[in-house]
Amino acid sequence: MDLTNKNIIFVAGLGGIGLDTSRELVKRSPKNLVILDRVDNPVAVAELKAMNPKVTVTYYPYDVTVPVVETVKLLKTIFAKVKTVDVLINGAGILDDHQIERTIAINFTGLVNTTTAMMEFWDKRKGGPGGVVVNICSVTGFNAIYQVPVYSASKAAVVSFTMSMAKLAHITGVTAFSVNPGITKTTLVHKFNSWLDVEPRVAELLLEHPTQTTQQCAQNFVKAIEANKNGAVWKLDLGRLDLVEWTKHWDSGI
Ligand code: NAE
């Protein structure tokens with residue numbers, strides 16, 4: 001997909017991976033980059049606005065844990081301004097296995113609810129034009145960091161949800177793929193709680209192994225969006241971009 005002149009909504013577009021990805025997106029000259037994030041970062045938003053005069057960058061406060069009806073309201077406001085949306089990126093996430101409910105609420109339910117709200121506008125059965133959903137999941141959704149089993153399971157859940165969405169594209173008109181970063185140097189992985197404190201040094205131990213920068217991750221992120229491959233499971237690790245081949249262990253047959 002050529003991102004020139006496209007309209008993009010980016011949930012968590014101001015986070016560690018999010019902000020560098022927003023920068024890469026702005027370089028591609030979309031018409032609109034609408035950033036939804038829980039916390040504002042006026043300096044970063046001003047920087048994005050100044051980067052490319054062809055792009056309209058807007059920010060709306062948004063917490064992914066609000067009910068679907070609230071998200072629909074916000075999306076109505078956005079659609080009234082931009083008329084069409086081509087791409088929705090879901091990137092909100094927390095890593096703290098002391099907060100079990102909140103992890104599921106943000107990493108899983110928040111992503112599913114935001115996507116569900118978007119279907120009001122995109123679903124071809126409602127006369128919508130379809131669209132592309134890009135979900136930031138994680139390599140921990142493939143193989144867990146077992147010391148953070150709650151986080152890892154929440155990411156496995158969104159990998160699964162995204163694959164189902166891709167298979168439903170012929171019904172909804174909405175395609176989907178996941179981008180799954182490996183360990184990327186952001187505040188998310190500086191220090192975090194393991195489940196029941198099974199490993200107090202989990203962050204330190206992880207960071208003893210090779211990682212990637214947010215810039216490397218962001219460049220491959222935008223390449224994956226440009227490839228626009230329905231059902232793709234992209235791994236973005238150690239500065240590389242690879243397609244993951246998913247092993248089938250079972251088939252519903254329907
Ligand atoms: P970050 O903490 O900088 O960014 C988290 C983003 O989520 C911020 O923009 C924050 O405002 C937003 N957010 C949190 N709660 C929210 C809420 N209730 N409503 C709306 N937005 C909310 O961390 P990051 O590393 O940039 O993480 C961005 C995404 O990438 C997350 O989904 C994270 O799980 C995922 N991810 C990160 C890494 C990594 O190593 N940094 C990896 C894969 C996926 C590897 C691991 O899984 C450890």
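Atom set for the values below is all heavy atoms of this structure, side chains included, hydrogens, waters and symmetry mates excluded. Each ligand, and each atom within it, is numbered from 1 in the order the structure gives.
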**Asked** Can you check ring-ring contact (aromatic ring centres under 6.0 Å, His included) on Tyr146 and Trp195, steps first, answer last?
**Response** CA-CA 9 Å; Tyr146 61 83; Trp195 184 55; over 10 Å; no

Considering only non-hydrogen protein atoms, determine which one is nearest to [atom] and report residue, atom name and distance to 0.1 Å.
| atom | answer |
| --- | --- |
| atom 11 (O) of ligand 1 | Asp37 OD1, 2.5 Å |
| atom 23 (O) of ligand 1 | Leu188 CB, 3.4 Å |
| atom 36 (N) of ligand 1 | Tyr151 OH, 3.8 Å |
| atom 18 (N) of ligand 1 | Asp63 OD1, 3.0 Å |
| atom 43 (C) of ligand 1 | Pro181 O, 3.1 Å |
| atom 24 (P) of ligand 1 | Thr186 OG1, 3.6 Å |
| atom 19 (N) of ligand 1 | Val64 N, 3.0 Å |
| atom 17 (C) of ligand 1 | Arg38 CD, 3.5 Å |

Does [atom1] in [X] sit with more than 12 non-hydrogen atoms of other residues, nucleotides or ligands closer than 6.0 Å?
| X | atom1 | value |
| --- | --- | --- |
| Glu245 | CD | no |
| Lys229 | NZ | no |
| Lys235 | NZ | no |

From [atom1] ([X]) to [atom2] ([Y]), nearest 0.5 Å:
| X | Y | atom1 | atom2 | answer |
| --- | --- | --- | --- | --- |
| Asn7 | Lys81 | CG | NZ | 13.5 Å |
| Ile136 | Leu111 | CD1 | CG | 9.5 Å |
| His190 | Lys185 | NE2 | NZ | 9.0 Å |

**Item:** Stepwise side chain to side chain donor-acceptor pair (under 3.5 Å) test for Thr103 and Asp97
**Value:** CA-CA 7 Å; Thr103 298; Asp97 265 26; 4.8 Å; no

Below 3.5 angstrom, do we get any N/O pair linking [X] and ligand 1?
| X | answer |
| --- | --- |
| Thr65 | no |
| Ile17 | yes |
| Val11 | no |

**Request:** State if Lys155 counts as touching ligand 1 under the rule of any non-hydrogen atom under 4.0 Å.
**Result:**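 Per 4.0 Å heavy-atom rule, Lys155 contacts ligand 1.
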
**Request:** Measure the distances from the heavy atoms of Ala105 to every atom of ligand 1 and state whether one is below 4.0 angstrom.
**Result:** no

Using a 4.0 Å cutoff against the non-hydrogen atoms of [X], which atoms of ligand 1 qualify?
| X | result |
| --- | --- |
| Ile136 | 29 (C), 30 (O), 35 (C) |
| Gly182 | 40 (O), 42 (C), 45 (C) |
| Thr140 | 47 (O) |
| Gly16 | 1 (P), 3 (O), 4 (O), 26 (O) |

Between [options], which one has a non-hydrogen atom sitting closest to [atom]?
| atom | options | result |
| --- | --- | --- |
| atom 14 (C) of ligand 1 | Ala218, Ala12, Gly93 | Gly93 |
| atom 15 (N) of ligand 1 | Leu207, Thr214, Ile106, Leu36 | Ile106 |
| atom 39 (C) of ligand 1 | Asp237, Thr184, Val39 | Thr184 |
| atom 28 (C) of ligand 1 | Cys137, Pro61, Gly91, Gly15 | Gly91 |
| atom 20 (C) of ligand 1 | Phe221, Tyr62, Phe192 | Tyr62 |
| atom 21 (N) of ligand 1 | Ala203, Ala92, Cys217 | Ala92 |

Return yes if some donor-acceptor pair links the side-chain N/O of [X] with the main-chain N/O of [Y] below 3.5 Å, else return no.
| X | Y | value |
| --- | --- | --- |
| Asn107 | Ser154 | no |
| Asn135 | Ser178 | no |
| Thr214 | Asp20 | no |

**Message:** Below a 4.0 angstrom heavy-atom separation, can you tell me which part of Val189, side chain or backbone, both or neither, approaches ligand 1?
**Reply:**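 The answer is the side chain of Val189.
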
**Message:** Assess the residue pair Arg240 and Asp237 against the criterion (salt bridge (charged side-chain N to carboxylate O under 4.0 Å, His left out)); give the C-alpha distance rounded to whole Å, side-chain angles, the decisive distance to 0.1 Å, and a yes or no.
**Reply:** CA-CA 5 Å; Arg240 288 175 52 93; Asp237 193 22; over 6 Å; no

**Request:** Please work out which of the three classes, parallel, tilted or perpendicular, describes the rings of Phe221 and Phe10, given edges at 30° and 60°.
**Result:** tilted

**Request:** Taking atom types as modelled, find out whether Thr71 and Asn113 have a side-chain donor-acceptor pair closer than 3.5 angstrom.
**Result:**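 Result is no, nothing qualifies.
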
